[in-house]
A.B. asks: 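Dropping the structure in here first, questions after.
Every chain is numbered from 1, with letters handed out A, B, ... down the list of sequences. As the structure is a computational prediction, the values presented were derived from the model and not from experiment.
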Amino acid sequence: MPSKFCDKVYGIIKKIPPGRITTYKEVARCLNTRAYRAVGAALKANPHAPEVPCHRVVKSDGSIGGYSAKGGVKKKIMILEDEGVHVCGGRIDSFKRRFFRLGK
DNA sequence: CGCTTGACACCGT
DNA sequence: AACGGTGCCAAGC
């Protein structure tokens, strides 16, 4: 049984619809924990490639955050733009509007 | 079993 | 409003 922290994180992120974004803290909050750092660590491993849209997870202040995948943050921004999320100066445009509130 | 690290968050200055 | 330092949780060595 997968009930590992990382797996839960992946499951939640997979539920994020296209064009929407969420924060590390929100994901942790959904799991009833404050391990927002662990969430980032899980995404860093990201064994599931495009199936888990880790690029849709950003910081709470609206900044992009990081991206270990090929292309780095640059690529992350590109994908977000492609999803319809505009990014200016490393910050999400209309961050609150694009924010996806997780159930919990 | 214990210390260090990290794709962050929060508070103080 | 911007920058720096400190704290939280889980995973890795």
A.B. asks: Could you tell me how far apart A:F5 (CZ) and C:dC8 (P) are, to the nearest whole angstrom?
C.D. replies: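 Answer to the nearest Å: 16 Å.
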A.B. asks: Please test A:E26 against A:R101 for side-chain contact (heavy atoms from CB on, under 4.5 Å), starting from the C-alpha separation and ending with a verdict.
C.D. replies: CA-CA 8 Å; A:E26 190 63 20; A:R101 186 61 125 98; 3.4 Å; yes
A.B. asks: Strictly below 4.0 Å, N to O, side chains only: are A:R91 and A:D61 in salt-bridge contact?
C.D. replies: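 Looking at A:D61 together with A:R91, the answer is yes, because their closest N to O distance falls below 4.0 Å.
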A.B. asks: Verify, without hydrogens or angle tests, whether A:Y36 (side chain) and A:K59 (backbone) share a donor-acceptor contact under 3.5 angstrom.
C.D. replies: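 Flag not set: sc A:Y36 to bb A:K59 has no pair under 3.5 Å.
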A.B. asks: State plainly whether one hydrophobic cluster holds both A:F95 and A:V57, where clusters connect Ile, Leu, Val, Met, Phe, Trp and Tyr through side-chain heavy atoms under 4.5 angstrom apart.
C.D. replies: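 Cluster IDs for A:F95 and A:V57 differ.
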A.B. asks: When you group the ILVMFWY residues by side-chain heavy-atom contacts below 4.5 Å and let the links chain together, are A:V52 and A:V9 in the same group?
C.D. replies: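 Yes, it is one cluster - the side chains of A:V9 and A:V52 are joined through contacts under 4.5 Å.
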A.B. asks: Enumerate the residues from residues 62-69 of chain A whose closest heavy atom to DNA chain B is under 4.0 Å, giving them by residue number; use none for an empty result.
C.D. replies: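 A:G66, A:Y67, A:S68, in order of number.
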A.B. asks: Same hydrophobic cluster for A:F99 and A:V85, using side-chain heavy-atom links shorter than 4.5 Å among ILVMFWY?
C.D. replies: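 Yes, A:F99 and A:V85 fall within the same hydrophobic cluster.
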A.B. asks: Rounded to whole angstrom units, what separation is found between the CG atom of A:L31 and the P atom of C:dA11?
C.D. replies: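 So the two atoms are 11 Å apart, to the nearest Å.
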A.B. asks: Please list each protein N or O that sits under 3.5 Å from an N or O in nucleotides 10-13 of chain B, with the distance.
C.D. replies:
residue: B:dC10; atom: OP1; partner: A:K25; partner atom: NZ; Å: 2.8

A.B. asks: Rounded to the nearest angstrom, tell me the gap between atom CG in A:D61 and atom P in C:dA1.
C.D. replies: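 It works out to 13 Å between those atoms.
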A.B. asks: Look at the side chain of A:Y24 and the base of B:dA7, then say whether one donor and one acceptor between them are separated by less than 3.5 Å.
C.D. replies: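 In this structure, the two groups form a donor-acceptor pair.
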A.B. asks: Figure out the CD/C1' separation between A:E26 and B:dA7, and round it to whole Å.
C.D. replies: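 These atoms are roughly 17 Å apart.
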A.B. asks: Any heavy-atom pair between the side chains of A:I12 and A:T22 that's under 4.5 Å?
C.D. replies: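 Heavy-atom side-chain distance check fails, nothing below 4.5 Å.
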A.B. asks: Judged by atom type as modelled, is there a donor-acceptor pair below 3.5 Å linking the side chain of A:K76 to the main-chain atoms of A:I64?
C.D. replies: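 Yes.
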A.B. asks: Could you list the protein-to-nucleotides 3-6 of chain B atom pairs, N/O on both sides, closer than 3.5 Å?
C.D. replies:
residue: B:dG6; atom: N9; partner: A:R37; partner atom: NH2; Å: 3.2

A.B. asks: For residues A:V58 and A:V39: do they belong to one hydrophobic cluster (side chain heavy atoms under 4.5 Å, members Ile, Leu, Val, Met, Phe, Trp, Tyr)?
C.D. replies: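 Different hydrophobic clusters.
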A.B. asks: Taking atom P of C:dA10 as reference, at what distance in whole Å does atom CG of A:N32 sit?
C.D. replies: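 Answer to the nearest Å: 12 Å.
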A.B. asks: Between the side chain of A:E81 and the main-chain N/O of A:V87, is any donor-acceptor distance below 3.5 Å?
C.D. replies: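 Such a contact is found between A:E81 side chain and A:V87 backbone.
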A.B. asks: Find the distance A:R34:CZ to C:dA10:P and express it as a whole number of Å.
C.D. replies: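 About 10 Å, once rounded to whole Å.
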A.B. asks: Which whole-number value in Å describes the distance from A:Y10 OH to B:dA7 C1'?
C.D. replies: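 Between C1' of B:dA7 and OH of A:Y10: 12 Å.
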A.B. asks: Whole angstroms only, please: what is the CG-P distance between A:L43 and C:dA10?
C.D. replies: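 One finds 16 Å between P of C:dA10 and CG of A:L43, rounded.
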A.B. asks: Any link between A:I92 and A:L102 through a network of hydrophobic side chains (Ile, Leu, Val, Met, Phe, Trp, Tyr) touching at under 4.5 Å?
C.D. replies: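 In one cluster with A:I92: A:L102, no.
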